[in-house]
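Scroll down for the structure; my scribbles are underneath it.
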Amino acid sequence: MSNGKLLVRQPANEPVKSYLRGSAERTALEGKLKELSAEVIEIPLIIGGKEVRTGITRDIVMPHDHGHILAKYHLPTEKELNMAVEASLEARQAWASLSWDNRAAIFLKAAELLAGPWRATLNAATMLGQSKTAHQAEIDSACELIDFLRFNVFYMQEIFEEQPISLNTELNRIEYRPLEGFVLAITPFNFTAIGGNLATSPAMLGNVVNWKPSDTAVYSNYFFMKLLQEAGLPDGVINFLPCTGEQASDTLIPHPNLGGVNFTGSTAVFEKIWNNIGKHIGTYKDYPRLVGETGGKDFIFAHNSCDVDALVTALTRGAFEYQGQKCSAASRAYIPESIWPEVKEKLGANLAQFKPGDVSEFSAFMGAVIDHRAYDKITSYIDAAKNSKDADVIFGGGYDCRKGYFVEPTVIQAKTPTYKSMCEEIFGPVLTLYVYEDTSFEETLKICDETSPYALTGAVFAQDKAVIQRMDEALKFCAGNFYINDKPTGAVVGQQPFGGARKSGTNDKAGSKVNLYRFINMRTIKENLVPPTEFKYAHMLD
């Protein structure tokens with residue numbers, strides 16, 4: 001084995017491509033959109049590196065054109081799930097024994113493949129399967145996923161270099177072992193990058209992973225799995241298992257070799273997972289590690305000293321980019337009465353300039369919501385507001401699912417700060433505003449902190465530095481990612497590690513070293529160079 005030491009340089013964030021008309025990246029993306037739209041592919045399970053087909057299939061459709069089938073994917077049975085566990089355990093020893101730099105090389109190669117020849121494919125798959133615009137796909141399935149791969153390798157190197165002090169007579173070191181058993185990665189529909197990161201971050205540390213993608217993100221996640229195979233990922237290290245939540249709950253979570261769960265999704269599902277693990281806690285070989293990023297009811301809180309144009313832009317982008325289907329999306333806002341007329345006028349002018357549409361049209365600002373379940377939930381909140389004496393729909397409120405699951409960007413003005421859409425997670429293009437009296441600033445800060453059980457992201461807008469400090473202090477525990485004069489979305493790997501507490505998750509900060517620590521098991525090793533040969537201590541001697 002070579003005794004040369006790999007030194008991974010500090011990464012830079014992947015530049016975001018603009019996709020201007022006539023640019024090379026736009027031409028490539030348009031071509032790939034046409035190519036993928038013109039075919040219906042079959043997506044198998046990938047277990048131990050082999051494609052497995054069960055004949056039990058489901059369709060994958062475009063959310064903005066749900067009559068258009070993109071693919072059919074195979075669902076596993078209990079048999080295939082157990083096969084995957086066995087395949088991962090068989091791969092575990094060889095993978096964990098592979099030197100960290102050789103593991104790192106696979107994921108660095110994957111980043112280069114994604115930055116180059118696979119970029120258009122992943123972006124097009126995300127646009128078609130998850131109804132993201134070109135920009136939203138670019139910052140997700142290209143840039144953020146590339147950043148996760150590169151930065152996590154760099155963080156892994158930093159972790160392994162953290163070693164204890166040794167003395168002249170003894171050598172001390174820390175061995176960073178993977179978890180025993182397998183990691184179950186359960187990933188969401190809304191970010192291709194999250195799917196890729198939750199599967200790869202434990203794997204690069206020497207863990208084996210069984211990956212359950214969201215049923216509405218199987219399409220893009222499958223292409224990323226194929227990219228990993230091209231990058232040289234050994235068979236069985238990551239198994240691709242588009243199963244149902246019930247199957248994961250019944251077969252994978254209770255398995256005695258479960259070493260950890262890496263999860264992003266709803267709070268309700270994460271609590272069910274936690275409860276399920278608790279029921280089986282006596283059967284596991286080790287206590288499973290639970291990492292979860294869950295729900296949010298993210299806020300924008302404005303002070304009357306704020307820049308109104310900056311506030312309105314943050315409301316528009318923060319609430320309605322990707323149809324509000326970001327765990328960080330602005331979902332509630334607190335606006336001072338003195339600036340409300342100007343805010344309302346300018347917000348309305350912004351919203352009048354866009355409506356949901358086909359994301360293959362590059363002029364679109366929004367696409368469709370992900371599926372009929374989401375559509376029904378979102379529109380129920382809109383209908384409730386239309387019929388409530390405690391709220392008014394002041395912008396938008398329309399919806400249509402005949403061709404795609406389209407919901408207009410909708411703004412509700414709540415007459416009370418505890419109206420249901422100020423408190424409950426909607427996960428769609430609905431922003432609820434509460435207009436407060438300027439003299440009730442302190443009281444409203446307290447309401448903002450106590451209204452929601454979540455604590456994921458939040459933003460404050462003010463020009464007065466003393467006011468900003470006061471808002472920061474008052475809202476310290478209700479947002480794991482806190483923004484000053486900026487929208488509460490768009491965390492960048494290496495710049496704003498992401499995660500929240502309370503009912504928003506375990507706050508293990510994806511995009512940082514903290515997250516990787518959760519998937520290693522440290523062993524301290526002491527070697528005594530001059531071991532004692534006499535049991536008596538000095539004070540015992542004459």
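In this text, all values refer to a predicted model and were calculated from it rather than measured experimentally.
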Next item on the list: Examine K326 relative to F191 and say whether NZ or CZ is less than 6.0 Å from the centre of the six-membered ring and inside a 45° cone about the ring axis.
Entry: no
Check: Any chance the side chains of K212 and N221 put a donor and an acceptor closer than 3.5 Å?
Finding: no
Notebook entry, point to check: For L198, which of V209, V183, T187, V291 qualifies under side-chain contact (heavy atoms from CB on, under 4.5 Å)?
Noted result: T187
Check: So which heavy atom on L431 is nearest to which on A330, and how close?
Finding: CD1-O, 3.9 Å
Margin query: Before you tell me yes or no, could you show the steps for R58 and Y73 under side chain to side chain contact (heavy atoms under 4.5 Å, CB included), namely the whole-Å CA-CA distance, both residues' side-chain angles and the distance that decides it to 0.1 Å?
Written below: CA-CA 6 Å; R58 286 185 178 175; Y73 71 92; 3.4 Å; yes
Check: Judged by modelled atom types alone, do N197 and N262 share a side-chain donor-acceptor pair under 3.5 Å?
Finding: no
Item checked: Residue R53 excluded, over 12 heavy atoms near CZ under 6.0 Å -> yes
Margin query: Any donor-acceptor pair under 3.5 Å linking the side-chain atoms of E80 with those of T54?
Written below: no
Notebook entry, point to check: Taking all non-hydrogen atoms of both residues, which atom of A137 and which atom of M127 are closest, and how far apart?
Noted result: CB-CG, 3.7 Å
Next item on the list: Consider only side-chain N and O atoms of S331 and D298, and report whether a donor and an acceptor are under 3.5 Å apart.
Entry: no
Notebook entry, point to check: Between D383 and Y399, do the side chains contain an N or O donor and an N or O acceptor separated by less than 3.5 Å?
Noted result: yes
Next item on the list: Please work out which of the three classes, parallel, tilted or perpendicular, describes the rings of Y222 and F240, given edges at 30° and 60°.
Entry: tilted
Note to self: Restricting to non-hydrogen atoms, name the atom on P254 and the atom on T283 that form the minimum distance, rounded to 0.1 Å.
What the structure shows: O-OG1, 4.1 Å
Margin query: Using side-chain heavy atoms (C-beta onward) and a distance below 4.5 Å, is T489 in contact with Y322?
Written below: no
Next item on the list: Any chance you could lay out the salt bridge (Lys or Arg N to Asp or Glu O under 4.0 Å) test for E138 and R119, step after step, and finish with the verdict?
Entry: CA-CA 9 Å; E138 169 70 7; R119 193 184 201 111; 2.6 Å; yes
Next item on the list: Kindly say whether C448 contributes a backbone atom to a donor-acceptor pair with the side chain of R332 at under 3.5 angstrom?
Entry: yes
Margin query: Keeping Q323 on the side-chain end and S131 on the backbone end, is there a donor-acceptor pair under 3.5 Å?
Written below: yes
Next item on the list: Indicate yes or no: does K109 engage E230 in a salt bridge with an N to O separation below 4.0 Å.
Entry: no
Next item on the list: Without swapping roles, check the side chain of N276 against the backbone of S249 for a donor-acceptor pair under 3.5 Å.
Entry: yes
Notebook entry, point to check: Can you tell me if CD on E158 sees more than 12 non-hydrogen neighbours from other groups inside 6.0 Å?
Noted result: yes
Notebook entry, point to check: Does R518 have any salt bridge (Lys or Arg N to Asp or Glu O under 4.0 Å) partners at least two apart in sequence or in another chain, and if so, which?
Noted result: D508
Notebook entry, point to check: Would you find a donor on one side and an acceptor on the other, under 3.5 Å apart, between the side chain of R103 and the backbone of V153?
Noted result: no
Item checked: Donor-acceptor pair, side chain of R173 and main chain of I525, under 3.5 angstrom -> no
Note to self: Assess, by modelled atom type and distance only, whether the side chains of E424 and Y381 contain a donor and an acceptor separated by less than 3.5 Å.
What the structure shows: yes
Item checked: Between N515 and K513: side-chain donor-acceptor atoms closer than 3.5 Å -> no
Check: If you look at every heavy atom in F182 and S88, which pair is closest and at what distance?
Finding: CB-OG, 3.9 Å
